[in-house]
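To start, the structure itself, in structure tokens.
Because only heavy atoms are used, hydrogens play no part in the values below, and waters and symmetry mates are left out as well, while side chains stay in.
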Amino acid sequence: MLNTQDAFILSAMRMSKQFGRTLREAPADAETISHQLLVRAGFIDQLSAGVYSYLPSGLKVKKNIERIIRKEMDTSNGIEVLLPTIQPSAIWEISERLFTMQDVLFKLEDKRGRTMVLGPTHEEVITTLFSKFANSYRDLPRILYQIQTKLRDETRPRGGLVRVREFTMKDAYSFDLDEKGLDVSYNSMVDAYHQIFNACEIPIVSVEADSGAIGGKGSQEFIFLTNSGEDTILICDQCDYAANQEKAEFIRPKKTTSQPLDIEKIKTPETTTIDQLVNLLKIDKSDTAKAVLYMATPRTDDTSFPIFVVIRGDLEINEVKLMNLVDAREITPMSDEDLSRYNIVSGYASPIGITSEIRIIADISITETSNLVSGANEVGYHLTNTNYSRDWVASDIADIAIADDGNTCAKCTGHKEGNLKISRGIEMGHVFRLGKTYTSVFETTILDQSGKQLTPIMGCYGIGIDRILSAAVEAHHDQDGIIWPKQLSPYNIHLTALNFEQDSTVAEEATKFYEKIQDAGLTVLFDDRDENPGVKFKDADLIGIPIRITISSRNNAENVVELKLRNSETSEKIKKENIIEVLQQLSK
RNA sequence: CGGGGUGUAGCUCAGCCUGGCAGAGCGCUGCGUUUGGGACGCAGAAGCCCUCGGUUCAAAUCCGAGCACCCCGACCA
């Protein structure tokens with residue numbers, strides 16, 4: 001139940017005194033439903049690309065989300081701290097992320113010319129802080145968390161509050177003695193996350209994820225499925241496997257292997273794409289080997305190196321898997337100059353007969369399939385019946401293919417053979433088994449029981465608070481407006497007084513209820529404006545407080561007030577003397 | 001960072017093609033009539049037509065450059 005008395009100083013508001021206004025029309029650039037409704041209902045206002053103000057009611061929702069998160073973190077042994085937003089760039093040099101995260105870092109210089117960054121995340125600060133105060137195994141395990149503004153210079157903010165440059169995040173960091181301890185911390189955070197999303201009434205799918213630039217192994221994302229999301233995920237229709245597309249594993253469509261045949265060079269004029277090749281030779285895409293050339297930029301410096309990727313023609317390359325394999329920060333398709341520098345013939349590239357020093361990476365599909373058609377590294381010619389190992393070898397054989405809708409699940413066991421279904425979603429939370437990446441570079445050591453030095457192992461856990469706001473609206477609305485989940489609603493009760501200015505009895509009664517509701521420990525938004533009933537009802541629906549009660553001349557005559565739930569079509573009349581009890585019951 | 005689009009009143013937009021007084025609806029102010037689902041009448045206030053430059057007797061309108069914002073993609077702890 002909402003413990004509103006200590007949650008807010010201001011737990012009631014008269015709309016005649018409120019700041020902000022509802023809008024009949026949403027701004028043209030609001031595309032997603034949540035963006036439109038949050039703006040129309042007067043919860044948020046955009047200042048610039050990916051930068052928003054919270055208006056009073058929006059702020060209340062945000063605080064409610066934070067209260068839910070604090071409660072779950074605290075009961076999961078989390079300890080709240082608050083770390084600085086503005087940070088010396090020196091600690092970002094130590095972790096090398098001044099370089100690797102340069103694209104999203106807001107940088108600035110102070111008066112004396114020292115460079116500072118605005119924190120996009122806080123691994124550096126927390127590890128520095130932890131090192132200072134934790135010296136003994138007795139100081140472990142610990143889970144520290146904060147709710148703090150993060151700043152990221154995103155190249156493309158989008159979707160209202162979904163991807164912004166300034167946002168609020170709950171980030172938590174665990175420190176443990178060993179892997180076993182990390183498991184305990186990690187699992188307790190996963191449990192807390194499920195509790196949090198339940199309380200916020202946001203349906204969540206947890207998926208295996210790529211751990212990205214933050215490093216470490218093992219991570220999962222908490223995804224809210226919605227078409228307006230920007231993440232692509234694959235979910236098995238038979239087992240419980242679900243993964244981000246960047247990470248998703250699948251079984252490649254089978255090809256019957258035949259005996260290796262002799263290589264033959266055939267004439268294929270103006271056939272530079274797989275589609276053209278398939279048309280010309282009347283074969284299937286899976287009978288071809290596709291060559292894709294990239295220049296890769298390593299994580300740690302700017303010197304790029306070439307990579308030659310070979311994958312079966314019916315599959316596409318997963319660039320995230322590829323980047324992880326070669327430890328690259330960025331990969332870009334080779335330019336024509338690069339191609340000629342490495343003696344590669346565009347459109348007819350082949351791993352056979354490569355003359356230059358170049359790292360060749362083959363997807364596992366290549367080794368599972370025989371007699372493939374590949375380029376001849378000569379304009380106008382292809383080679384048929386090429387076979388891996390007999391004709392060429394790669395430096396690496398790996399899973400570098402991207403999973404797509406309908407692929408066979410790699411995790412299904414036994415007779416089940418599930419298909420992966422593709423969906424879009426918003427990443428609401430992300431948990432990582434971080435490992436010793438940061439405790440190593442910041443030289444965090446503690447003494448164990450035997451007096452030996454030990455490097456703690458970390459986990460980190462984030463939740464996007466503004467995104468919860470958006471997702472809650474995406475998940476709970478109708479054509480008239482928002483329908484807030486009970487625990488997120490800016491107020492418990494929407495009190496509507498009809499003819500407030502004209503009927504003094506209404507004004508008296510409504511004001512009396514306004515006070516009684518507060519005395520009962522509930523929060524209330526009181527529509528005491530001199531507006532037509534239609535306007536008041538429309539606004540109430542738009543704002544989306546779950547419980548509405550109406551005071552009117554008509555109801556007064558019957559000695560009742562009218563109660564309507566936002567998610568119900570009908571209203572009911574309640575005797576005045578019973579209403580407070582009913583409201584308390586409903587607000588639980 | 002590549003591709004596309006949009007900048008005119010607080011909001012939604014018309015006007016631009018074909019240069020000639022700055023417009024509408026909503027919102028806002030005042031008065032009146034209404035009063036159970038964004039009601040109506042009358043009277044008002046409100047603009048650096050994104051910015052800078054050019055063409056022209058004359059530019060919201062044509063030309064050039066820049067900036068901002070949105071969408072798709074790339075990227076995204």
Side-chain angles (χ1 to χ4, degrees), chain A residues 20-32 35-36 39-40 42 45-51 92 95 97 100-105 119-124 126 150-160 162-165 167 169 171-173 209-216 219 221 228 230-232 244 246 297 319-320 323 328-333 426-427 429-432 434 437-438 459-464 479-481 496-503 506 529-542 548 550-555 562 564 569 571 573:
Chain A
R21 174 189 309 122
T22 58
L23 304 175
R24 198 179 286 240
E25 289 163 300
D29 52 24
E31 291 269 320
T32 59
H35 190 190
Q36 290 170 4
V39 171
R40 281 191 54 209
D45 179 70
Q46 179 172 15
L47 179 63
S48 99
V51 181
W92 287 79
S95 66
R97 291 207 296 183
T100 57
M101 285 185 71
Q102 58 184 322
D103 290 344
V104 294
L105 277 180
T121 172
H122 282 77
E123 283 78 13
E124 283 79 1
I126 197 77
K150 308 282 180 185
L151 296 131
R152 293 185 190 175
D153 195 2
E154 297 285 352
T155 27
R156 179 146 116 76
R158 69 174 101 192
V162 170
R163 175 161 296 276
V164 288
R165 296 191 295 172
F167 58 100
M169 180 168 156
D171 48 327
Y173 306 88
D210 177 71
S211 46
I214 197 168
S219 92
E221 287 177 357
S228 61
E230 53 176 358
D231 278 14
T232 305
N244 195 304
E246 294 164 357
T297 312
E319 297 190 349
V320 174
M323 282 194 286
R329 161 165 66 89
E330 190 183 14
I331 55 174
T332 50
I426 300 174
E427 176 189 348
H430 203 158
V431 293
F432 294 88
L434 199 49
T437 314
Y438 294 93
C460 77
Y461 318 91
I463 290 184
Q479 58 188 14
D480 294 318
T496 308
L498 303 184
N499 295 337
F500 184 82
E501 296 283 327
Q502 292 74 24
D503 184 334
V506 166
R529 299 172 301 170
D530 184 15
E531 289 286 356
N532 277 303
V535 173
K536 296 194 172 197
F537 290 140
K538 285 288 182 190
D539 273 349
D541 287 347
L542 182 59
R548 184 184 86 196
T550 305
I551 313 286
S552 69
S553 319
R554 195 200 279 178
N555 292 334
E562 192 174 325
K564 183 180 171 299
E569 288 296 306
S571 62
K573 292 181 175 174

Base versus backbone protein contacts along nucleotides 7-13 of chain B [heavy-atom cut-off under 4.0 Å; B, S, -]: ----SSS

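- If you measure from atom CD of E154(A) to atom P of C72(B), you get 15 Å, rounded to the nearest angstrom.
- Without hydrogens or angle criteria, N244(A) side chain to E246(A) main chain gives a donor-acceptor distance under 3.5 Å.
- Rounded to an integer number of Å, the gap from E221(A) CD to C76(B) C1' is 11 Å.
- Searching all strands for a Watson-Crick or G-U wobble partner of C13(B) with both distances below 3.5 Å returns G23(B).
- Remark: U33(B) base-pairs with A39(B). Criterion, Watson-Crick or G-U wobble with two distances under 3.5 Å.
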Can you give me the N/O atom pairs linking the protein to nucleotides 46-48 of chain B at distances under 3.5 Å, or say none if there are none?
none

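- Partners of T155(A) by side-chain contact (heavy atoms from CB on, under 4.5 Å), not counting sequence neighbours: none found.
- Judged by atom type and distance alone, R40(A) reaches the base of G38(B) through a side-chain donor-acceptor pair under 3.5 Å.
- Between R163(A) atom CZ and C72(B) atom C1' the separation is 15 Å, expressed in whole Å.
- Nucleotide C67(B) has G7(B) as its partner under the Watson-Crick or G-U criteria, with both atom distances under 3.5 Å.
- Taking 3.5 Å as the limit, the base of A74(B) and the side chain of T155(A) contain a donor-acceptor pair of atoms between them.
- The backbone N or O of A209(A) lies less than 3.5 Å from a partner atom in the side chain of S219(A), making a donor-acceptor pair.
- Here S48(A) lies in heavy-atom contact (under 4.0 Å) with sugar-phosphate atoms only.
- Side-chain N or O atoms of E154(A) include none that pairs as donor or acceptor with a backbone N or O of R156(A) at under 3.5 Å.
- In this structure, Q102(A) places its CD atom 13 Å from C1' of C75(B), rounding to the nearest Å.
- K538(A) pairs by the salt bridge (Lys or Arg N to Asp or Glu O under 4.0 Å) definition with nothing, not counting sequence neighbours.
- Annotation: salt bridge (Lys or Arg N to Asp or Glu O under 4.0 Å) contacts of D231(A) (sequence neighbours excluded): none.
- What separates CD of E246(A) from P of A74(B) is a distance of 10 Å, to the nearest Å.
- Judged purely by atom type and a 3.5 angstrom limit, Y173(A) uses its side chain to pair as donor or acceptor with the backbone of H122(A).
- Residue R156(A) places at least one side-chain N or O closer than 4.0 Å to OP1 or OP2 of C71(B).
- Judged by distance alone, the side chain of Q36(A) and the main-chain N or O of E31(A) form a donor-acceptor pair under 3.5 Å.
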Check: protein-nucleotides 32-37 of chain B nitrogen or oxygen pairs below 3.5 Å:
{"unit_1": "U34(B)", "atom_1": "O2", "unit_2": "N532(A)", "atom_2": "OD1", "d": "3.4"}
{"unit_1": "U35(B)", "atom_1": "O2'", "unit_2": "N499(A)", "atom_2": "OD1", "d": "3.0"}
{"unit_1": "U35(B)", "atom_1": "O2'", "unit_2": "N499(A)", "atom_2": "ND2", "d": "3.1"}
{"unit_1": "U35(B)", "atom_1": "O2", "unit_2": "N499(A)", "atom_2": "OD1", "d": "3.4"}
{"unit_1": "U35(B)", "atom_1": "O2", "unit_2": "N532(A)", "atom_2": "OD1", "d": "3.3"}
{"unit_1": "U35(B)", "atom_1": "O4", "unit_2": "Q502(A)", "atom_2": "NE2", "d": "2.8"}
{"unit_1": "G36(B)", "atom_1": "O6", "unit_2": "S552(A)", "atom_2": "OG", "d": "2.2"}
{"unit_1": "G36(B)", "atom_1": "O6", "unit_2": "N555(A)", "atom_2": "OD1", "d": "3.4"}
{"unit_1": "G36(B)", "atom_1": "O6", "unit_2": "N555(A)", "atom_2": "ND2", "d": "3.1"}
{"unit_1": "G36(B)", "atom_1": "N1", "unit_2": "E562(A)", "atom_2": "OE1", "d": "2.6"}
{"unit_1": "G36(B)", "atom_1": "N2", "unit_2": "E562(A)", "atom_2": "OE1", "d": "2.9"}
{"unit_1": "G36(B)", "atom_1": "N2", "unit_2": "E562(A)", "atom_2": "OE2", "d": "2.4"}
{"unit_1": "G37(B)", "atom_1": "O6", "unit_2": "R548(A)", "atom_2": "NH1", "d": "3.4"}
{"unit_1": "G37(B)", "atom_1": "O6", "unit_2": "R548(A)", "atom_2": "NH2", "d": "3.2"}
{"unit_1": "G37(B)", "atom_1": "N1", "unit_2": "D541(A)", "atom_2": "OD2", "d": "3.1"}
{"unit_1": "G37(B)", "atom_1": "N2", "unit_2": "F537(A)", "atom_2": "O", "d": "3.3"}
{"unit_1": "G37(B)", "atom_1": "N2", "unit_2": "D541(A)", "atom_2": "OD2", "d": "2.0"}

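- Under the 3.5 Å distance criterion, the side-chain polar atoms of R165(A) are left unmatched by any main-chain donor or acceptor of L151(A).
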